[in-house]
Amino acid sequence: MPVNIESNIKRISATLPEGVTLIAVSKYHTIEEIEQAYNAGQRHFGESKAQDLRIKQQALPSDISWHFIGHLQSNKIKYIVPFIHLIHSIDSLQLLQEVNRLAGKQNRVIPCLLQIHIAQEDSKFGFTPDECRAMLDSGEWRELKNVEICGLMCMASNTDDSEQIRQEFKTVKELFNYIKERYFANKRFNILSAGMSEDYTIAIEEGSTHIRIGSDIFETH
Ligand SMILES: *Cc1c(COP(=O)(O)O)cnc(C)c1O
């Protein structure tokens, strides 16, 4: 059976509680496939390569909100600075400083999430919870006027053990609450980006506000 992107979008959207944003992860998919999702009403899309994202952004309608979800290299930031809606994958203070510098040149304030390394795999990027608290304690981020830290992002372990996945999401939610209270008491800090095709229902139960779904939308299953 061919993939029905439109019905997948509608099926998933219908199950989401209010306040949860669906990001369609289109990183392996063409402009035509993205258009099908767009025509089903989808407006938030996620990509993991800066140059691909730039090309798709230029080819597609301007009312799409583009999310950057991959590992971001400093020399690629320039491709996305003019239009990016949210960068989910800040994994060092240096990267945040460089996004700030380039955003300043364009008079933008770019919303960013800190990526938390919580999974068992070494392959995933991000701050450990300790590194994240240490970075925030340093206070240097407070001087950055062209980025706004507005939440956390994480990826759970790639495992069938749903209790482990749930525990990882709980850990990140606790860290989120702690950081919000300690560093962002009177600020907007309200995004928890957690959950992919395999684990988004658990992520939502554990407090996710933004789910990132690729294969469940764009592939047969
Ligand atoms: C690819 C990717 C997703 C989507 O994964 P699916 O399993 O296809 O839903 C979500 N988040 C990140 C960071 C990704 O790289």
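Both ligands and their constituent atoms are indexed starting at 1 by order of listing.
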* To do: Under the salt bridge (charged side-chain N to carboxylate O under 4.0 Å, His left out) rule, collect the residues that match up with E174, sequence neighbours excluded.
  =>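 E174 satisfies salt bridge (charged side-chain N to carboxylate O under 4.0 Å, His left out) with no residue once adjacent residues are dropped.
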
* Considering only protein heavy atoms, which is closest to atom 6 (P) of ligand 1, and at what distance to one decimal place? ->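 So the nearest neighbour among protein heavy atoms is S197 OG, 3.5 Å.
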
* **Closest approach of any protein heavy atom to atom 8 (O) of ligand 1, naming residue and atom** =>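 Checked against all protein heavy atoms, atom 8 (O) of ligand 1 sits closest to S215 N, 2.8 Å.
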
* To do: For ligand 1, find out whether one of its N or O atoms is nearer than 3.5 Å to an N or O atom of R212.
  =>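 Among all N and O atoms of R212, at least one is under 3.5 Å from an N or O of ligand 1.
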
* Mark yes or no for whether R108, through its side chain, and I84, through its backbone, hold a donor-acceptor pair below 3.5 Å. =>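 Yes; at least one donor-acceptor contact below 3.5 Å.
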
* G214 to S197 - nearest heavy-atom pair and separation ->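 Heavy atoms only, the tightest pair is N-OG, 3.7 Å.
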
* Asked: Looking at G214, which atoms of ligand 1 are within less than 4.0 Å of one of its heavy atoms?
  ->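 Answer for ligand 1: 4 (C), 6 (P), 8 (O), 9 (O).
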
* If hydrogens are left out, which of I69, N158, I213 has an atom nearest to atom 12 (C) of ligand 1, that is, the closest non-hydrogen atom? ->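 Heavy atom nearest to atom 12 (C) of ligand 1 belongs to I69.
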
* **Residue selection (non-hydrogen contact nearest atom 15 (O) of ligand 1) among K27, M155, H88, M196** =>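 Among K27, M155, H88, M196, the closest heavy atom to atom 15 (O) of ligand 1 comes from K27.
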
* Asked: With sequence neighbours left out, which residue pairs that include part of residues 118-157 fulfil the ring pair (Phe, Tyr, Trp, His ring centres under 6.0 Å) condition?
  ->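 Counting only pairs at least two positions apart or across chains, the ring pair (Phe, Tyr, Trp, His ring centres under 6.0 Å) contacts touching residues 118-157 are H71-F125, W141-F184.
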
* H88 and S193 side chains, donor-acceptor separation under 3.5 Å ->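 Distance-only check passes for S193 and H88.
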
